[in-house]
Q: 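This is the structure I want to talk about, given as structure tokens.
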Amino acid sequence: MSEQDENREGYDVHATEAKWLPVWDELDPFRADDDSPREKRYALTMFPYPSGDLHMGHAEVTALHDVIARYWWQRGFEVLNPIGWDSFGLPAENAAIRRDEHPATYTYANIETQAASFRKYAVSFDWSRRLHTSDPEYYRWTQWLFLKLREEGLAYRKSSPVNWCPHDQTVLANEQVVDGHCERCGALVTKRELTQWYFKITDYAQELLDDLDVLEPTWPARVVSAQRNWIGRSEGAHVDFQVATDGGGSREVSVYTTRPDTLFGATFMVVAADAKLAAEIVSDQQRKTFEDYLEETRRASDVDRMATDRPKSGVFLGAYAVNPVNGVSVPVWASDYVLADYGTGAIMAVPGQDQRDWDFAREYDLPVIRTVQPPEDWEGEAFTGHGPAINSANDSVSLDGLEIDEAKRTIIDYLEKQGSGRGAVNYRLRDWLLSRQRFWGCPIPIVHCPVDGEVAVPEDQLPVVLPELKGADLKPKGVSPLAAAEDWVNVECPTCGGPAKRDSDTMDTFVDSSWYFLRYCSPHFEDGPFDPAAARAWMPADIYVGGVEHAVLHLLYARFFTKALRDLGLLEIGEPFAAQLNQGFVINHGKKMSKSLGNGVNLGDELSQFGVDAVRLTLVFAGPPEDDIDWADMSPAGSLRFLQRAWRLSGDVASAPGVSPESGDVALRRVTHRTVHEAAGLIESFRFNVMVARMMELVNATRKAIDSGPGAEDPAVREATEVVAILLSLVAPYTAEEMWSRLGHQPTVARVGWPVVDEALLVEDSVTAVVQVQGKLRARLEVSPDISEADLEAAALADESVQRTLEGKQVRKVIVRAPKLVNIVAG
RNA sequence: GCCCCGGUGUCCCAAUCGGCAGAGGAAGCGGUCUUAAACACCGUCCAGGUGUGGGUUCGAGUCCCACCCGGGGCACCA
């Protein structure tokens with residue numbers, strides 16, 4: 001024992017940890033029983049990726065999450081609090097290449113390390129449900145789900161320009177491209193035309209958007225807002241233009257616009273340079289110019305393309321489009337400021353009302369017609385504000401004078417009658433590209449046969465297991481390493497038996513994590529991805545705790561999967577996570593922890609210095625869970641001091657276990673019962689930091705009762721100390737268990753149940769009423785909590801110092817809020 | 001540019017419905033213990049008004065408007 005520990009008067013943190021861990025292992029108090037008659041709760045935390053040991057971030061999220069799970073157990077619920085690992089992914093593959101080994105070696109070693117750390121960290125996980133997405137028993141069902149979605153037309157293959165990360169040598173989903181860079185490695189993302197697998201998440205765009213309204217009260221505002229932005233619904237119209245092409249032909253080209261009311265001001269059309277349409281309608285004369293331009297834009301990175309302040313560029317395609325409302329023939333241009341994969345890949349350009357079109361018109365000297373009247377002093381360029389329509393009439397319809405909304409309705413109505421357009425809704429959301437050209441992922445269970453084409457691997461042949469590749473075999477080559485594994489990739493076609501090849505891509509790891517919370521409900525189920533009865537019992541998760549970085553990735557994908565599985569008849573719910581809590585980051589000295597800054601805080605060091613409980617308490621007490629925690633501002637030593645103070649109470653209690661608290665000191669009992677009452681509300685509204693503060697007050701009050709109050713023999717002191725142990729069991733399980741034991745009870749305190757609040761003790765027998773004059777505090781009165789308004793007013797007016805203040809003034813109005821406040825307006 | 005969240009003592013942070021501006025912690029200071037120090041324990045100090053300016057109200061940290069600062073999301077999405 002160190003000198004420091006001796007001074008802690010016998011509370012040896014590490015000995016306490018060593019003492020209780022095996023006891024808990026024996027008791028196994030957190031195993032969720034599917035058949036329990038209790039009401040069920042599902043506490044879900046985002047499963048970790050197995051890179052190295054746990055760090056401060058893991059410590060924070062699990063400390064917060066565990067407060068909720070342990071609280072629910074104490075409240076008498078049957079709680080499902082599972083743990084698993086998101087164990088496919090690039091870091092393991094890169095490590096395997098470096099170390100010349102199989103990715104599984106690195107992965108499973110790290111999982112064991114993290115599992116041991118979680119155990120010591122005393123998280124109330126149900127270890128019997130542990131899963132790893134890289135286990136064939138798990139990914140068999142990922143493959144099965146993929147095939148089901150494919151049967152429904154929700155997984156399909158198409159050739160399209162895709163995001164390509166040259167560093168990781170793989171394609172990326174839109175969601176994984178951040179500011180034109182790879183979300184994972186930061187490399188500049190380029191475009192490639194590739195045939196890839198997609199999930200048709202866009203089929204669910206509207207439902208994903210609508211259900212956010214339902215989630216809004218219980219989900220963090222920033223996640224709801226991020227998803228709304230990402231789905232990006234807009235309302236407008238499709239307008240059909242006839243485009244004259246070379247040789248006198250004509251074809252119809254539809255554009256999407258949110259401003260159909262400005263159609264009379266469309267003075268040219270712009271087609272995305274990289275859209276197929278552009279190449280189809282360009283005239284022979286302009287073809288060379290166009291192709292040169294296309295080549296130039298292809299070379300530009302997305303980052304350059306997305307810079308909004310760069311001058312507009314484009315080429316004339318030698319074709320003309322006829323505006324359906326006025327018969328005017330307008331030139332068709334190609335430009336890179338129009339996106340090929342949004343809307344129809346073509347726009348009607350209205351320079352009078354759109355700044356981008358204005359810029360383009362200026363660059364190439366194209367005409368401008370204003371169709372919304374700008375204010376008189378308007379000196380700007382495109383006018384995007386509100387005003388009456390102008391210059392917008394033909395023989396059968398006129399928008400002139402109408403405000404924008406009315407004008408939109410009128411013109412859409414007209415277009416629909418004419419058959420040259422219709423109201424339309426568009427989304428920014430694109431389909432989810434799920435193929436990856438990497439090894440350490442779930443193989444796509446498809447065989448490509450020269451005769452039968454795409455053939456699904458039959459269900460009884462699942463899982464398609466990864467081959468044993470390691471080291472240099474895994475090096476990125478632009479095609480999946482699986483393609484080079486001859487024995488693996490060459491198979492018989494399941495349909496015709498002829499020679500065929502397996503699909504050699506693997507799935508995005510976000511596919512694995514889009515359904516793991518369902519597998520947790522029945523992790524050993526053999527007849528499907530999950531037992532529908534178990535899913536019915538546990539889902540949706542009542543709380544999902546995790547990082548906000550998944551606001552539009554995992555959380556959107558998981559919602560999509562849930563809805564798709566519901567439509568497949570596998571689930572009865574449409575939303576997987578009823579409520580959500582995002583924790584902030586643990587930072588240090590105002591900055592994110594990083595190796596390059598050298599400001600990392602090592603979790604293991606903190607744990608050995610202060611113990612598990614003090615670290616957990618510090619993280620929970622730091623502030624609101626969503627806020628970042630600056631470790632430099634925190635005091636784990638202070639947390640440890642508090643735990644010792646609490647622990648010491650348990651040694652001072654002098655009454656016997658089981659003594660009735662009825663005869664105990666009423667003042668202390670009031671504090672105890674009020675604390676229990678408030679703690680429940682605070683936990684349920686995620687204000688754990690305040691809950692801890694209340695707990696500290698209770699400890700202080702109990703200390704006072706022992707030292708300078710009714711004394712250690714008073715039953716109220718035992719009651720208070722037992723409550724401290726129970727409340728503490730949510731945050732500091734070791735200290736709580738040790739206290740419980742010293743109070744003469746058997747383990748485990750974690751399951752003894754929430755203290756019953758005596759309502760009578762919540763009612764004060766007198767309260768302090770405040771008397772204000774002109775809003776300023778002038779007197780305090782001790783009054784009965786059920787005093788009448790009239791009595792309180794009379795008492796206030798009778799008060800001496802109030803009288804003095806009111807001298808020479810006339811009372812104009814008296815506001816009484818019995819029993820707490822009187823405000824006298826005088827003058 | 002549009003949208004979301006926040007700004008309270010030296011620091012981290014409380015203040016359910018608009019009703020006493022501070023709960024809890026940290027740091028500081030004083031004391032007890034000690035030969036001494038550290039640890040521990042006990043006690044204690046701190047706002048001219050809650051980023052700024054207006055407004056509503058008997059009453060605003062809380063509601064409304066504008067702005068400033070910090071953090072985050074979306075963005076050539078027609």
Side-chain angles (χ1 to χ4, degrees), chain A residues 3-9 179 220-234 236 255-259 262 270 272 305-310 312 335-339 341-350 353-357 359-360 384 426-430 548-549 551-552 584 617-618 621-624 626-630 632-635 637-639 641-642 644-645 648 678 681-682 685 687 689-697 699-700 703 707-708 768-780 812-815 817 820-827:
Chain A
E3 192 183 340
Q4 208 177 24
D5 287 334
E6 279 173 53
N7 285 324
R8 276 169 193 159
E9 297 176 32
D179 292 333
R222 51 183 168 171
V223 175
V224 172
S225 146
Q227 292 212 0
R228 285 209 179 105
N229 283 337
W230 189 260
I231 295 167
R233 178 192 156 103
S234 71
V255 301
Y256 174 72
T257 177
T258 54
R259 293 293 303 275
T262 64
V270 187
R305 277 190 62 153
M306 288 190 307
T308 51
D309 52 352
R310 124 197 124 102
K312 295 280 180 290
S335 173
D336 64 357
Y337 86 89
V338 173
L339 306 175
D341 56 355
Y342 183 78
T344 62
I347 63 157
M348 63 180 215
V350 186
Q353 266 70 234
D354 185 290
Q355 189 60 40
R356 296 156 302 185
D357 297 345
D359 294 341
F360 194 83
T384 56
N426 221 335
Y427 302 91
R428 220 187 56 90
L429 182 70
R430 312 292 153 84
V548 72
E549 66 273 18
V552 289
L617 179 69
T618 303
F621 183 51
E626 314 80 44
D627 287 7
D628 287 350
I629 297 171
D630 194 332
D633 294 334
M634 295 302 121
S635 173
S639 298
R641 270 201 300 275
F642 165 72
Q644 289 168 66
R645 274 209 301 281
R648 213 174 306 118
E678 282 186 30
L682 290 166
S685 51
R687 288 183 294 165
N689 54 325
V690 187
M691 186 270 286
V692 172
R694 295 290 170 268
M695 218 156 61
M696 289 170 166
E697 288 176 71
V699 167
N700 292 343
R703 183 80 259 161
D707 291 349
S708 52
T768 308
V770 177
V771 185
Q772 300 174 331
V773 179
Q774 318 286 54
K776 284 206 178 85
L777 177 67
R778 292 299 176 196
R780 293 164 200 270
R812 292 179 182 278
K813 199 172 176 184
V814 182
I815 292 105
R817 293 284 177 272
K820 298 190 80 172
L821 177 128
V822 178
N823 190 16
I824 300 162
V825 188

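These figures come from a predicted structure and were not determined experimentally. Every chain is numbered from 1 and lettered A, B, ... according to where its sequence line falls, protein lines coming before strand lines. Heavy atoms only: backbone and side chains are in, while hydrogens, waters and symmetry mates are out.
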Q: Provide, to the nearest angstrom, the distance between the CG atom belonging to A:Asp354 and the P atom belonging to B:A75.
A: 17 Å

Q: Could you run through nucleotides 56-65 of chain B and give me one letter per nucleotide, 5' to 3': B if any protein heavy atom sits under 4.0 Å from the base, S if only the sugar-phosphate is that close, - if neither?
A: --BS------

Q: When A:Met348 is tested against each of A:Asp354, A:Asp357, A:Thr262 for side chain to side chain contact (heavy atoms under 4.5 Å, CB included), which residue passes?
A: A:Thr262

Q: How does RNA chain B look in dot-bracket form if you count Watson-Crick and G-U pairs under 3.5 Å, write [ ] for pairs that cross, and put | where a base pairs with another strand?
A: (((((((..((((.....[..).))).(((((.......)))))......(((((..]....))))))))))))....

Q: Taking protein heavy atoms under 4.0 Å as touching, what does nucleotides 46-51 of chain B look like 5' to 3' if B marks base contact, S marks sugar-phosphate-only contact and - marks none?
A: ------

Q: Quantified in whole Å, what is the P atom distance between nucleotide B:C17 and nucleotide B:U62?
A: 14 Å

Q: Go through the steps to decide whether A:Asn823 and A:Arg817 satisfy the test side-chain contact (heavy atoms from CB on, under 4.5 Å), and finish with yes or no.
A: CA-CA 9 Å; A:Asn823 190 16; A:Arg817 293 284 177 272; over 6 Å; no

Q: Grab the CZ-P distance between A:Arg703 and B:C42 for me, whole Å please.
A: 7 Å

Q: Just so I know, are the side chains of A:Met634 and A:Ile629 near enough to count as touching, which here means a heavy-atom distance under 4.5 Å?
A: yes

Q: Given atom CD1 of A:Ile629 and atom C1' of B:C11, what is their separation to the nearest angstrom?
A: 15 Å

Q: Report the residues that fulfil side-chain contact (heavy atoms from CB on, under 4.5 Å) with A:Thr258, sequence neighbours left out, ordered by chain and then residue number.
A: A:Ser234, A:Tyr256

Q: Figure out the CD/P separation between A:Gln644 and B:A40, and round it to whole Å.
A: 7 Å

Q: Whole angstroms only, please: what is the CG-P distance between A:Asn426 and B:C74?
A: 19 Å

Q: Could you tell me which residues satisfy salt bridge (Lys or Arg N to Asp or Glu O under 4.0 Å) with A:Asp628, sequence neighbours excluded, listed by chain and number?
A: none

Q: Holding to salt bridge (Lys or Arg N to Asp or Glu O under 4.0 Å), I want the full list of residues that pass it with A:Glu626, two or more places apart in sequence or in another chain.
A: none

Q: In Å, rounded to the nearest 0.5 Å, how long is the span from CG of A:Asp359 to CD of A:Gln355?
A: 4.5 Å

Q: Stepwise, does the side-chain contact (heavy atoms from CB on, under 4.5 Å) test hold for A:Val548 with A:Arg222?
A: CA-CA 8 Å; A:Val548 72; A:Arg222 51 183 168 171; 3.7 Å; yes

Q: Look at the side-chain N and O atoms of A:Arg648 and state whether any lies under 4.0 Å from the OP1 or OP2 oxygen of B:C41.
A: yes

Q: Students often get this wrong, so: under 4.0 angstrom with heavy atoms, is A:Arg430 touching a base, only sugar-phosphate, or nothing?
A: base

Q: Check whether any side-chain heavy atom of A:Thr618 lies under 4.5 Å from a side-chain heavy atom of A:Ser635, and answer yes or no.
A: no

Q: Measuring from A:Asp336:CG to A:Lys312:NZ, what's the distance to the nearest 0.5 Å?
A: 8.5 Å

Q: If the C1' atom of B:G51 is compared with that of B:C41, how far apart are they to the nearest Å?
A: 40 Å

Q: Compare all side-chain heavy atoms of A:Arg648 with those of A:Arg703 and state whether any distance is below 4.5 angstrom.
A: yes

Q: Determine: side-chain N/O of A:Tyr337 to OP1/OP2 of B:A78, distance under 4.0 Å, yes or no.
A: no

Q: Using atom C1' in both nucleotides, what's the gap between B:C11 and B:A27 to the nearest angstrom?
A: 7 Å

Q: With A:Val690, which residues qualify under side-chain contact (heavy atoms from CB on, under 4.5 Å), at least two apart?
A: A:Leu682, A:Arg687, A:Arg694

Q: If you define the side chain from C-beta out and look only at heavy atoms, does anything of A:Asn229 sit under 4.5 Å from A:Arg428?
A: no

Q: Can you figure out which of B:C42, B:C74, B:C20 approaches the side chain of A:Arg780 most closely?
A: B:C20

Q: Take atom C1' in B:U32 and the same atom in B:C69, then report the distance between them in whole Å.
A: 47 Å

Q: Return the value, rounded to whole Å, for the distance between atom CD of A:Glu626 and atom P of B:G70.
A: 22 Å

Q: Rounding to the closest angstrom, what is the interatomic distance between B:G25 and B:G71 at atom C1'?
A: 24 Å

Q: Kindly give the atom pairs (protein nitrogen or oxygen, nucleotide nitrogen or oxygen) under 3.5 Å for nucleotides 14-18 of chain B.
A:
from: B:A14; atom 1: OP1; to: A:Asn689; atom 2: ND2; distance (Å): 3.3
from: B:A15; atom 1: OP1; to: A:Arg687; atom 2: NH1; distance (Å): 2.4
from: B:U16; atom 1: O2; to: A:Arg687; atom 2: NH2; distance (Å): 3.1

Q: Of all residues at least two apart in sequence or in a different chain, which pass the ring pair (Phe, Tyr, Trp, His ring centres under 6.0 Å) check with A:Phe360?
A: A:Phe268, A:Trp333, A:Tyr337, A:Tyr364

Q: Do A:Lys820 and B:C20 share a donor-acceptor pair, side chain to base, under 3.5 Å?
A: no

Q: With sequence neighbours left out, what residues match A:Asp341 under side-chain contact (heavy atoms from CB on, under 4.5 Å)?
A: A:Leu339, A:Arg430

Q: Sugar-phosphate means primed atoms, P, OP1 and OP2; the rest is base. With that split, encode nucleotides 1-7 of chain B 5' to 3' as B, S or - using protein heavy atoms under 4.0 Å.
A: ---S---

Q: So which protein nitrogen or oxygen atoms get under 3.5 Å of nucleotides 25-27 of chain B's nitrogens or oxygens?
A:
from: B:A26; atom 1: OP1; to: A:Arg641; atom 2: NH2; distance (Å): 2.8

